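Positions are given from 1, in the same order as the sequence printed here. In this text, all values refer to a predicted model and were calculated from it rather than measured experimentally.
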Amino acid sequence: MYYDGLFLFDLLLRLPARRFAMKKTARKTSNKKKGIHNMRPHSAVMLDGPDRAPSRAMLYPTGFKAEDFKKPIIGVASTWSNVTPCNMHIDELAKQAEIGTNKAGGKAIVFNTITISDGISMGTEGMKYSLVSREVIADSIETVVGCECMDGYVAIGGCDKNMPGCMIAIARMNRPAVFVYGGTILPGCVTGDSKKLDIVSVFEAVGAHSNNKLSDKGLEDITSCAIPGPGSCGGMYTANTMASAIEAMGMSLPGSSAQAAISPAKKRDSREAGAAVYNLLKKGIKPRDIMTKKAFENAITVVIALGGSTNAVLHILAMAHAADVNITIDDFSRIGKKVPVLADLKPSGKYLMSELVAVGGIQPLMKTLLKAGLLHGDCLTVTGKLMSQNLSKVKPYRKGQKIIQPLSKPIKNDSHLRILYGNLSPAGSVAKITGKEGLSFTGIARPFDSEEKAMKAILSGRIKKGDIIVIRYEGPKGGPGMREMLGPTGAIMGAGLGDDVALITDGRFSGGTHGFVVGHITPEAYAGGPLALVKNGDSITIDAEQNQLLLHVSKSDLVKRKKIWRKPKPRYTKGVLAKFASAVTSASQGAVTDYNLDV
């Protein structure tokens, strides 16, 4: 009976893969009837036959040889740029992916898309282009892959919006694909100081400097040493959060999310990704076979366990929409009730991603979650195997490590990502409450109609204990672009007010933000949401136990305020920001731009 039980358990685990194999066989038969090579469903249409000679002629000078035209065309979407250290090394990773693709039997074509830098543009008008870049990246990858009839592709991203942008394109196109994370940065340090620095250290140093707690030289020392080389921001900020979510979803190779940007492991990951796409083509596995509802639930589970960024809510919603999977903000609350926070990582914790890499990355954590029944092991992955099979030989963390806590002693018993409703956020908002800040905050509203105005008030010392800073007209449409508020939150921390001041906004927060903060408030102020009606001196309560965001003003008073409120004129009427503002949905829907396309 014991062996019969094991057989039944194994059969149940493998059923999804077997059902997929049956679908794959049916697809192969259909393709043969159409006369299209199974591994070249798109490139064969573009390159095969006498009438396609012009297409082949255009590719000879790019390095194609005659035999290459019979191989599947596998793109390598590179987000390389010297715009930011997050992406400055990705050209080398793209070359490795090209090598892996060609060695496996495909023909690689490397192409580029854009990237921007949140860290550089933060706090300026330029930051309004950040979220917009997610859509531009997705559109540009879709455009190249679609136009050039690529059969599959590797997408390599290294900064916040690169990753969901790549994944949105992968889900839309539904051609065999693997995502590669560019890798985390190493910590910086000031000579003679053992404190490990990152970009958030600089933002908080600005607040300390403005309050005479740090000298000019001290500020410059931190500024010049915090970013030592290539790689994405070093804590469990948005880049590392999204890389971990994508690995948990099964769309990157095991271990991809926890590798240093400059390392043999990351080069190997890139090479193997190219070969993995070729293998996916052979097996007939497409992204939407992997990006199921269970896979998205795995991503949410791992994000919570790691104490990840609030931006994960926005981006997971957008990725799910692209994959036609029904994920809503309420799924974060549902899953968050049973998943604890286990990682003591920055910004709320002590450790950096590079230190998590050193003890084994996220794979042992995922195995722990799987054994506890918190992760779906029957999800297909880009290895062609189930998640449970990928994790079967993973060893536990070494004894004595303190970065990942055991399930028996979590940092927080449930999720730090709280979806708050109430008369100030009727359609929802997202708070990041680790418990260290407390679980509720009632204070006096100090409203500002832009990030810049709020920042001036903080740096000039006008914000006092007990205040709740309200930053509005920074939502997807109102900004437009939904800027991140790392500047104000960093300044609050640097000024020593982190435990005494809260901040709420219809904008969003960097993964580096910590403190009592609520973002993604919907409806946003520009759309006439209640945030637009808040007055100086109003009382507001943030309640992370009842999951409420409340403005203590009567309904009748709010009706009166709404009658005299006037919608501001659009800040941009031409260009990409105007296009984004006209098409974007609310933050509670992922701030995507491809809804309502009925004609």
ask   = Is there a donor-acceptor pair under 3.5 Å between the side chain of T238 and the backbone N or O of S510?
value = no
Contacts of type side-chain hydrogen bond (donor to acceptor under 3.5 Å, both in side chains), residue S78, not counting sequence neighbours = none
inquiry  = Can you confirm whether R462 sits close enough to R446 that some side-chain heavy atom of one is under 4.5 Å from a side-chain heavy atom of the other?
reply    = no
inquiry  = Checking T310 now: which residues fulfil side-chain hydrogen bond (donor to acceptor under 3.5 Å, both in side chains) with it, not counting sequence neighbours?
reply    = none
inquiry  = My understanding is that only one of E451, E484, E524 makes a salt bridge (Lys or Arg N to Asp or Glu O under 4.0 Å) with R508; could you say which?
reply    = E484
ask   = Is there a side-chain contact between R472 and D449 (heavy atoms, below 4.5 Å)?
value = yes
Shortest non-hydrogen separation from L131 to A591 and the atoms involved = CD2-CB, 3.9 Å
key: Any Y526 side-chain heavy atom under 4.5 Å of P476 side chain   = no
query = Just by distance, do the side chain of K412 and the backbone of S415 share a donor-acceptor pair under 3.5 Å?
reply = yes
query = Do S539 side-chain atoms and H552 backbone N/O form a donor-acceptor pair below 3.5 Å?
reply = no
query = Mind checking what makes side-chain hydrogen bond (donor to acceptor under 3.5 Å, both in side chains) contact with D331, not counting sequence neighbours?
reply = R334
request  = Quick one: closest heavy-atom pair of M482 and A587, and the distance?
outcome  = CE-CB, 3.4 Å
Pairwise ring pair (Phe, Tyr, Trp, His ring centres under 6.0 Å) hits with a residue in residues 438-464, at least two apart = F441-F516
query = Residues in ring-ring contact (aromatic ring centres under 6.0 Å, His included) with F332, at least two apart?
reply = none
N423 versus V553, closest heavy-atom pair with distance = ND2-O, 4.2 Å
query = For L317 and S588, which heavy atoms make the closest approach, and how far apart are they?
reply = CD1-O, 3.5 Å
query = If only atom types and distance count, is the side chain of H416 paired as donor or acceptor with the main-chain N or O of G308 below 3.5 Å?
reply = yes
Given T593, V592, N162, I116, the one that forms side chain to side chain contact (heavy atoms under 4.5 Å, CB included) with R134 = V592
task = Could you tell me whether a side-chain N or O of D506 sits under 3.5 Å from a main-chain N or O of E474, the two making a donor and an acceptor?
result = yes
query = Can a donor-acceptor pair be found between the side chains of S140 and T113 at a distance below 3.5 Å?
reply = yes
query = Do Y153 and I109 touch side chain to side chain, with heavy atoms closer than 4.5 Å?
reply = no
ask   = Would you say W80's side chain and M88's backbone share a donor-acceptor pair under 3.5 angstrom?
value = yes
request  = For the pair D557 and K535, evaluate salt bridge (Lys or Arg N to Asp or Glu O under 4.0 Å) and give the outcome as yes or no after the intermediate values.
outcome  = CA-CA 11 Å; D557 279 349; K535 289 185 176 181; over 6 Å; no
inquiry  = Within the structure provided, determine whether T489 and F203 are in side-chain contact (heavy-atom separation under 4.5 Å).
reply    = no
Residues which pass salt bridge (charged side-chain N to carboxylate O under 4.0 Å, His left out) with D324, listed by chain and number, not counting sequence neighbours = R288
